Amino acid sequence: MADTIPETDTNALIKRRREELQELYNLNVQPYAYSFETDSNSKSIKSDFEKYEGKDVKIAGRLMAIRKMGKASFAQIQDEVGKIQIYLRKDEIHEQYTAFKLMDIGDIVGITGFVFKTRTGEITVHAKSLILLSKSLRPIPIAKEVVDENGNKKVFDQFADKELRYRQRYVDLIVNPEVKEVFLKRSKIISNMRRYLDQNNLVEVETPILQPLYGGAAARPFETYHNTLDMKLYLRIADELYLKRLIVGGFNGVYEISKDFRNEGMDKTHNPEFTMMEMYVAYKDYIWMMEFFENMIAFITKEVFGSTKFVIEENEIDFSKKWDRISMVDELKKETGLDVLTATNDELKNGIKKYNVSVEGLEGKGKLIDELFSVAVEPKLVSPTFVMDYPLELSPLAKKHRSKEGLVERFEGFVLGREICNAFSELNDPVDQLDRFTQQARFKTEGDEEAHAVDKDFIRALEYGMPPTAGLGVGIDRLVMLFTNQPSIRDVILFPQMRKEA
RNA sequence: GCACCCUUAGCUCAGUUGGCAGAGCAUCUGACUCUUAAUCAGCAGGUCGCCGGUUCGAGCCCGGCAGGGUGCACCA
């Protein structure tokens, strides 16, 4: 135990708390307890007050407000599920009251006491004992709130500095309860997705994050190095090529939920590491996958939110309905008058320019079509919509369309103009796949840094024979943003990437 | 990567034409045994992000740097 406490910080508030810590030691109070058994929490006491009234409870939490009135005090503690008021009297808890006077907002305490209602009607725990479980040496930002007669909460001086909130998420979580709500929702979305996939007999697997060759998407990778193997390794940009190897190996359905890494720009929809769900199912095609995805989203929304209906940015969205299905090429013709399959690159560029968007740096017909689509059509896809059948050169891992020349069997799901999934009938023809890789390799030598490399082992796997397969990828962070109505990916990632602190 | 905006007490924010650095909450001292943005009385709290320049004098004007935010570009 510390006899004297070394000073490490000059902040007056912290200095004061260190002095209090010393005073607590002097009073023989152990300021960092080993355990404390609770038997209830703030939420259940409030929701089942009739059951709890007059009964003893053991609760623990962080002191969030202290109102001292001489020889009696009210305080508020926050546990994992909410806040509750406690009432303390010096003539009942004696020397513990002396110790209490050395406690601060932010300290973690354990209380034993009985439940009652104050004169003004607030459910409160009348403490018979209050012990310190952890002394807080650093002051938390104090936000005060008042609830008006309509039950609306008004918060004063809310901890608002975005930088501090992201860097010190632990503080953000303590003082901004709605932040914790978002991450609880995120957790439920993922666990229910997993449950749905498991129920449909898909096997959860884990594939390498460290890869000698990256692939499965168009993106620039992070590079790292293995000392013993003396080789460069890449952090994966997608799970796709390994998961399809497992379909070759005889799994009928596999999925993986984990991080991918892309060494690219950051903004409100991009974090360098992000969570993907990818799944592959043998003997199915993209038509089957559309229905599977619809059902999965309906299941998740119902389980997590209790409803398939959402109001997001004033738009009503119902995930119980079948999604609209539109053809990319038909929709572009309807919207721009261009038949993109026969149009020249200049015609496509002119089409894009009509939307006041620069065509600088756009090379290749596929990228031009993609850009035209994203400016002309995507913003209009408010209600859930599958966009079907993409140009072949954009999709080197998707199977050629069974009837439409120049297209592949691929769909992307859009809600509120945002892409939330990407799927195709997987290319299982090794000869065609090698051709596509070879074409990508040519793009790469022509300067497209994001083009695929030739993955010879993947070709070898396909040569052994892969059944017809449907594949799907879902960006989990963006899905959570949509369902929780958060404007930035940083608000759905607990510890978003930041520059090093100054 | 480019453009614009922001950075003042632990937190939330004012700060006039360039002239002694301000408030509320939190902290501290005192009073108070049903308070709840507790109240009342008092005290204290600052490298104005950092470095340089202009000026008799800079939180304020100029330049650079750092961190953050927003938009664009790139992407999922």
Side-chain angles (χ1 to χ4, degrees), chain A residues 9-17 19-20 64-76 83-93 97 104-106 116-122 124 126 136-148 153-167 171 175 216-220 237-238 260-272 274-276 278 356-362 367 370-371 374 412 418-422 448-450 473-479 481 487-490 496 498-502:
Chain A
D9 208 307
T10 51
N11 178 290
L13 299 178
I14 293 173
K15 210 168 163 187
R16 170 63 197 161
R17 288 180 176 217
E19 286 165 11
E20 286 172 339
M64 296 302 282
I66 298 173
R67 295 183 281 275
K68 287 178 185 160
M69 296 172 303
K71 297 185 183 65
S73 294
F74 285 94
Q76 203 172 33
K83 292 180 185 165
I84 192 164
Q85 181 169 261
I86 59 173
Y87 179 52
L88 309 160
R89 293 169 61 109
K90 187 179 184 183
D91 60 4
E92 292 171 344
I93 62 169
Y97 198 83
D104 288 291
I105 290 173
F116 78 112
K117 224 177 231 183
T118 63
R119 213 162 51 189
T120 50
E122 177 149 355
T124 302
H126 187 134
S136 163
L137 295 179
R138 204 170 273 276
I140 58 170
I142 310 272
K144 298 207 170 188
E145 57 186 49
V146 62
V147 182
D148 68 18
K153 208 188 279 182
K154 201 172 170 189
V155 181
F156 298 84
D157 299 338
Q158 187 159 34
F159 181 49
D161 186 311
K162 283 256 169 85
E163 177 173 1
L164 292 178
R165 290 181 55 197
Y166 294 144
R167 283 194 197 281
V171 178
V175 301
R220 291 163 63 190
I237 58 171
D260 286 346
F261 306 84
R262 298 190 186 174
N263 203 342
E264 289 166 347
M266 294 163 59
D267 60 30
K268 66 181 179 178
T269 57
H270 298 82
N271 195 62
F274 60 103
T275 304
M276 277 291 288
E278 285 194 38
N356 294 321
V357 173
S358 162
V359 293
E360 195 81 15
L362 285 176
K367 289 202 173 181
D370 192 44
E371 180 66 18
S374 59
E412 293 189 334
R418 307 183 214 170
E419 181 199 328
I420 63 166
C421 74
N422 182 21
D448 185 348
E449 286 187 78
E450 293 170 348
V474 182
I476 299 296
D477 310 280
R478 291 182 180 180
L479 191 71
M481 282 170 69
S488 169
I489 198 167
R490 293 175 168 197
M498 303 285 274
R499 285 177 203 271
K500 66 176 187 232
E501 266 182 272

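Numbered from 1 within each chain, the chains take letters A, B, ... in sequence-line order. The model shown is predicted, which means the values in this text are computed figures rather than measured ones.
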On a whole-Å scale, what distance lies between the C1' atoms belonging to B/rC4 and B/rA41? 49 Å
Just to be sure I understand the rule, does A/Glu20 reach a base, reach only the sugar-phosphate, or reach nothing, if contact means heavy atoms closer than 4.0 Å? sugar-phosphate
Indicate whether OP1 or OP2 belonging to B/rC28 is found under 4.0 Å from a side-chain N or O atom of A/Arg16. yes
So, OP1 or OP2 of B/rA26: does either fall under 4.0 Å of a side-chain N or O from A/Lys144? yes
Students often get this wrong, so: under 4.0 angstrom with heavy atoms, is A/Phe116 touching a base, only sugar-phosphate, or nothing? base
Give a yes/no on whether any side-chain N or O of A/Arg67 is located under 4.0 angstrom from OP1 or OP2 of B/rA38. yes
Is A/Lys268 close enough to B/rG71 that one of its side-chain N or O atoms is under 4.0 Å from OP1 or OP2 there? yes
Pairwise N/O distances under 3.5 Å, protein to nucleotides 30-32 of chain B:
residue : atom : partner : partner atom : Å
B/rC32  : N3   : A/Gly70 : N            : 3.2
B/rC32  : N4   : A/Gly70 : N            : 3.3

Could you tell me which residues satisfy ring pair (Phe, Tyr, Trp, His ring centres under 6.0 Å) with A/Phe261, sequence neighbours excluded, listed by chain and number? none
With a non-hydrogen cut-off below 4.0 angstrom, is A/Leu164 in contact with a base, only sugar-phosphate, or nothing? sugar-phosphate
Suppose we screen for side chain to side chain contact (heavy atoms under 4.5 Å, CB included). Which residues come up paired with A/Glu371, at least two apart in sequence or across chains? A/Ile352, A/Val357, A/Leu362, A/Ser374, A/Val375
Tell me whether A/Phe74 and B/rA38 count as stacked here, given that the ring centres must be under 5.5 Å apart and the planes must differ by less than 30 degrees. no
Can you give the dot-bracket line for RNA chain B, where a pair is Watson-Crick or G-U wobble with both atom distances under 3.5 Å, crossing pairs use [ ], and | marks a partner on another strand? (((((((..((((.....[..))))..((((.......))))......(((((..]....))))))))))))....
Does a side-chain N or O of A/Arg499 approach OP1 or OP2 of B/rG68 to a distance below 4.0 Å, or not? yes
Between A/Arg138 and B/rG10, is there a contact of a side-chain N or O with OP1 or OP2 at under 4.0 Å? no
Which residues satisfy the side chain to side chain contact (heavy atoms under 4.5 Å, CB included) test with A/Ser136, sequence neighbours excluded? A/Arg17, A/Asp107
Listed pairs, N/O of protein and of nucleotides 42-45 of chain B, under 3.5 Å:
none

Return the orientation label for the A/Phe116 and A/Tyr87 ring planes: parallel under 30°, perpendicular over 60°, tilted otherwise. tilted
Regarding A/Lys15 and A/Glu19, does a basic nitrogen lie under 4.0 Å from an acidic carboxylate oxygen? no
If you measure from the ring centre of A/Phe274 to the centre of the six-membered ring in the base of B/rA76, is it under 5.5 Å, with the planes under 30° apart? yes
